[in-house]
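The next block holds one structure in the form of structure tokens; read it before the comments.
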2 protein chains.
Amino acid sequence: MRDREWLPGETIPGEQAIAQEYGCSRTTVNRALRELADLGVVERRRKAGTRVVSQPARAATLRIPVVRKEIEQRGSAYRYTLLQRKEMKAPIHIREKLSLPKGGKVLYILCTHYADGSPYQLEERWINLTAVPTAHDEQFEAISPNEWLVLTEPLSNAEHTFSAINATPEQATLLDIEPNGALFVVERRTWSETHTITAAKLFHPGVTFKMISRT
Amino acid sequence: MRDREWLPGETIPGEQAIAQEYGCSRTTVNRALRELADLGVVERRRKAGTRVVSQPARAATLRIPVVRKEIEQRGSAYRYTLLQRKEMKAPIHIREKLSLPKGGKVLYILCTHYADGSPYQLEERWINLTAVPTAHDEQFEAISPNEWLVLTEPLSNAEHTFSAINATPEQATLLDIEPNGALFVVERRTWSETHTITAAKLFHPGVTFKMISRT
DNA sequence: GAGTGGTCTAGACCACCTG
DNA sequence: AGGTGGTCTAGACCACTCA
């Protein structure tokens with residue numbers, strides 16, 4: 001069905017018409033078209049019908065696992081080190097990201113994840129202590145905030161931003177790379193239905209790191 | 001339904017059991033669970049049942065549009081410049097990526113995409129001339145290979161790899177950034193059901209570029 | 001071999017949106 | 001106002017895979 005070419009620039013098929021033409025039920029057609037819509041190949045609107053998008057934006061699905069699993073899946077040994085941990089009033093840029101009021105308290109954490117002894121990721125994180133008060137009692141010496149939050153706050157929503165920057169001198173030292181070396185940065189914001197939970201910046205040495213998405 | 005907590009680490013619900021419990025049809029339960037499986041929250045296998053994943057890998061969906069649209073959507077003016085175009089025997093690393101035989105011919109293209117006059121993306125591309133012979137007749141002076149291929153070879157599969165590198169001197173010059181500046185790199189491989197089509201490397205100045213995925 | 005998920009059918013009601 | 005997609009039901013067959 002998805003091979004067939006009635007795909008000129010942007011046209012309008014129908015839904016139960018297709019069902020008749022192919023001799024299948026509308027439910028099936030609906031599912032097929034819905035999947036095509038998810039892929040971005042097709043646009044659907046209630047009364048207007050279904051339109052074949054002219055220049056579809058490729059839908060790439062990434063799987064972003066917990067760092068430890070990511071490292072172990074490459075067959076490397078995982079190690080974690082806590083560098084800094086302090087409770088503080090949220091700085092302005094974090095207040096904005098987490099929609100916190102003036103004076104809102106956060107737990108700031110800086111830590112490193114190693115693969116086979118080499119720095120794999122530098123993690124900088126702010127946890128909203130109003131939303132996750134139990135973080136106050138966790139020292140994050142044995143478990144990384146990444147992993148702890150996945151266990152503690154399941155099924156949260158997230159927004160990811162990917163970018164590239166030149167390492168600051170401190171970052172270069174901590175990640176054991178050349179001064180000014182390229183870093184792959186993942187910024188993550190996480191929230192539940194009621195609260196914003198955490199903001200994180202994850203820095204990967206560019207030489208090492210690749211993020212892959214298939215189909 | 002997705003609020004309910006029978007989410008201990010990893011357990012096993014049933015499918016038509018759930019349908020009865022919630023007083024809805026199995027079709028509906030199936031769809032719900034299938035969507036949760038797509039999100040990576042749940043794992044399903046035929047005989048074994050459905051398991052709540054303990055540390056789910058976040059599924060982030062990216063939309064990767066045609067460069068021109070990406071730029072125009074930011075409200076910027078788009079301009080495109082062809083820098084180089086030559087037919088050649090595929091170098092080894094491209095032969096591997098495109099599964100080409102020795103001596104397989106490709107069309108190599110180097111070009112730049114500008115947003116409001118500033119370099120936005122440096123595109124380096126190899127097109128498989130066996131699979132897409134019509135590329136031979138296209139000069140790519142008026143239209144970018146990116147856009148041309150989306151029009152010519154619709155509905156192809158793709159694999160994307162994201163990484164960060166330091167710009168080479170040439171890249172820094174072409175993109176008008178500092179020497180050694182960080183670049184956000186998208187590598188793309190594209191294939192149809194029968195052929196590998198193209199391999200591309202897309203370089204974005206790290207200072208400018210961000211790639212965002214929501215939920 | 002038996003039970004699970006994967007997929008389909010035929011029919012129905014509804015919300016939305018456009019013309 | 002009417003037609004579209006969105007979603008649901010009740011029932012069915014099949015393929016896979018575990019025990």
Side-chain angles (χ1 to χ4, degrees), chain A residues 1-59 61 63 65 73 154-155 157 193 213-215, chain B residues 1-59 61 63 65 73 154-155 157 193 213-215:
Chain A
M1 176 169 190
R2 49 201 61 181
D3 313 311
R4 164 141 176 133
E5 297 175 0
W6 64 35
L7 336 144
E10 33 193 280
T11 48
I12 319 172
E15 183 157 313
Q16 61 188 23
I18 301 178
Q20 274 190 331
E21 182 183 344
Y22 284 86
C24 62
S25 76
R26 192 170 82 87
T27 313
T28 307
V29 176
N30 182 287
R31 172 159 179 194
L33 290 180
R34 183 159 32 87
E35 285 181 352
L36 286 180
D38 285 343
L39 285 173
V41 178
V42 133
E43 269 184 0
R44 325 195 71 194
R45 262 177 308 173
R46 288 268 158 125
K47 160 86 174 177
T50 301
R51 241 185 38 188
V52 179
V53 173
S54 52
Q55 295 186 328
R58 310 209 75 98
T61 305
R63 290 283 158 138
Q73 205 156 26
L155 285 188
N157 300 313
E193 289 176 3
S213 91
R214 295 201 160 76
T215 305
Chain B
M1 175 168 188
R2 49 201 61 182
D3 311 312
R4 163 140 175 136
E5 296 176 2
W6 63 35
L7 335 143
E10 32 193 281
T11 48
I12 318 173
E15 182 158 314
Q16 60 187 23
I18 302 177
Q20 273 190 332
E21 183 182 344
Y22 284 86
C24 63
S25 76
R26 192 170 82 88
T27 313
T28 307
V29 176
N30 182 288
R31 171 159 180 197
L33 290 180
R34 183 159 33 87
E35 287 181 352
L36 287 180
D38 286 341
L39 285 173
V41 179
V42 134
E43 269 183 0
R44 323 195 74 192
R45 262 177 309 173
R46 288 269 158 126
K47 162 83 175 178
T50 301
R51 243 186 36 191
V52 179
V53 173
S54 51
Q55 295 186 326
R58 311 209 74 99
T61 304
R63 290 283 156 137
Q73 207 156 24
L155 284 189
N157 300 313
E193 288 175 6
S213 91
R214 294 203 161 74
T215 304

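Whole-Å rounding puts the B/Asn30 CG to D/dC8 C1' distance at 13 Å. Atom CZ in A/Arg51 sits about 15 Å away from atom C1' in C/dC17, given to the nearest Å. Between A/Glu43 atom CD and C/dT18 atom P there is a gap of 12 Å when expressed in whole angstrom units. When the C1' atom of D/dG6 is taken as reference, atom CD of B/Glu35 falls 12 Å away, rounded to whole Å. Straight-line distance from the CG atom of A/Leu33 to the P atom of D/dT4: 13 Å, rounded to whole Å. The nearest whole Å value for the distance from the CZ atom in B/Arg31 to the C1' atom in D/dG5 is 11 Å. Distance CD (A/Glu15) to C1' (C/dA10): 14 Å, rounded to an integer number of Å. Across the protein-nucleic acid pair, B/Gln20 atom CD and D/dA10 atom P stand 11 Å apart, rounded to whole Å.
Atom OG1 of A/Thr61 is separated from atom CZ of A/Arg63 by 7.5 Å, given to the nearest 0.5 angstrom. Here the straight-line distance linking atom CZ of B/Arg26 with atom CD of B/Gln20 works out to 12.0 Å at 0.5 Å rounding. Within the model, atoms CZ of A/Arg31 and CZ of B/Arg34 stand 3.5 Å from one another, a figure rounded to the nearest 0.5 Å. With rounding to the nearest 0.5 Å, the separation of OG in A/Ser25 from CD in A/Gln16 is 12.0 Å.
Contact between the side-chain N/O atoms of B/Thr50 and the OP1/OP2 oxygens of C/dG5 is found at a separation under 4.0 Å. Applying the 4.0 Å criterion to OP1 and OP2 of C/dG6, one finds that B/Arg34 has every side-chain N and O outside that range.
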Verdict with reasoning, B/Leu33 to B/Ile18, per side chain to side chain contact (heavy atoms under 4.5 Å, CB included): CA-CA 10 Å; B/Leu33 290 180; B/Ile18 302 177; 4.3 Å; yes

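In this structure, A/Thr27 has no side-chain hydrogen bond (donor to acceptor under 3.5 Å, both in side chains) partners at least two apart in sequence or on a different chain.
Comparing B/Gln16 and A/Gly23, the nucleotide of DNA chain C nearest to each residue sits closer to the 5' end for B/Gln16.
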Ignoring hydrogens and angles, write down the donor-acceptor pairs under 3.5 Å from the side chains of residues 38-46 of chain A, residues two or more places apart or on other chains.
| residue | atom | partner | partner atom | Å |
| --- | --- | --- | --- | --- |
| A/Glu43 | OE1 | A/Arg51 | NH2 | 3.1 |
| A/Arg44 | NE | A/Thr50 | OG1 | 3.2 |
| A/Arg44 | NH2 | A/Glu15 | OE1 | 2.5 |
| A/Arg44 | NH2 | A/Thr50 | OG1 | 3.3 |

Letter per nucleotide, 5' to 3', of nucleotides 12-19 of chain D [B base touched, S only sugar-phosphate touched, - untouched; heavy atoms, 4.0 Å]: B--BBBB-

